[in-house]
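The model shown is predicted, which means the values in this text are computed figures rather than measured ones. Every number for a ligand or one of its atoms is a count from 1 in the order of the listing.
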Amino acid sequence: MRTSSKKKVLVFDSGVGGLSVFQEIHRLLPHMDYLYLFDNEAYPYGELDQDVLITRVNKLVAALVEEHQADIVVIACNTASTIVLPSLRAKLSIPVVGVVPAIKPASLLASQGVGLIATPATVTRQYTHELIRDFAQGKPVELLGSTRLVDMAEEKLRGESISIPELESILLPLRNKVDVAVLGCTHFPLIKEEIHQALGGEVTLVDSGEAIARRVKALLLSDMKEESKEEGSKKIYASAPPWQEDALNTCLARLGFNPVQVYRHPDV
Ligand code: DGL
């Protein structure tokens, strides 16, 4: 790690979901340099073959870390984190922080039951089932995997409106069964208000964003003399041209990002 007052944080996801994690990190560390990479060419990760996902994430992230000399990587994707962290940590010499479903804090809060809303892949992962076994405190956990919810968050960030009746029908299996739900996909905090409304307004929603931001801050500041007060740079890369690019760039500009650039890896 460099000991200068500014560090470079690489945030990675399949799509715009990792921006929910970026926002939490940026709240705590507003003056860092940020790189955001999304692998939209292979989106949605929730339906991607595991081996393909592991290979792509390793190659893309390692190449960008090398090219930009990043100081820390945040895999802001539950679907990827549940399987890629060991190989990525073995490959890189900088800290790699992952995001996994917040089963433990949700279970501590719940009195009736916990819902886990995630991608179709995350709800089947062994890692997720071990989290439930170890941390659900005996509370019943209802699993709900949906790619449509991920798409809805992508649409919202391109200025489209979310249909509450559609959300209600997707979330129906959780209605009246849980009092706490885990947003186990980083796309979902982007549609948190809508999910809250569709669940009847009385379910507490929990995600991992803030905890991840605290972890990143602790890792970075342990190595820094003092934090710079200058505005950092914010660059965003996609593995393929994004759909509705203009609408997306409008939203990204509000978060301080330059327009999306395409990053082509020679080998993925
Ligand atoms: N944002 C991702 C997650 O946290 C995955 C979305 C997808 O590509 O399926 O799981």
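Looking from atom 5 (C) of ligand 1 to the surrounding protein, the closest heavy atom is Thr79 OG1, 3.5 Å. For atom 9 (O) of ligand 1, the closest non-hydrogen atom on the protein side is Gly46 N, 2.9 Å.
Annotation for ligand 1: atoms under 4.0 Å from non-hydrogen atoms of Asp13 are 1 (N), 2 (C). Heavy-atom contacts of Tyr43 reach the following atoms of ligand 1: 8 (O) (cutoff under 4.0 Å).
Atom CZ of Arg158 has more than 12 neighbouring heavy atoms from other residues, nucleotides or ligands inside a 6.0 Å radius.
Hydrophobic clustering of Ile, Leu, Val, Met, Phe, Trp and Tyr side chains at less than 4.5 Å, counting indirect connections, keeps Tyr45 apart from Val150. The cluster map of Ile, Leu, Val, Met, Phe, Trp and Tyr, joined by side-chain heavy atoms under 4.5 Å apart, puts Val203 and Val182 in different clusters.
The shell of residues lying under 4.0 angstrom from ligand 1, judged by heavy atoms, includes Thr119.
The closest side-chain heavy-atom distance from Leu10 to Tyr34 is not below 4.5 Å.
Looking at Ser14 against ligand 1, only its side chain comes within 4.0 Å, counting heavy atoms.
For the residue pair His187 and Glu154, a side-chain donor N or O sits within less than 3.5 Å of a side-chain acceptor on the partner.
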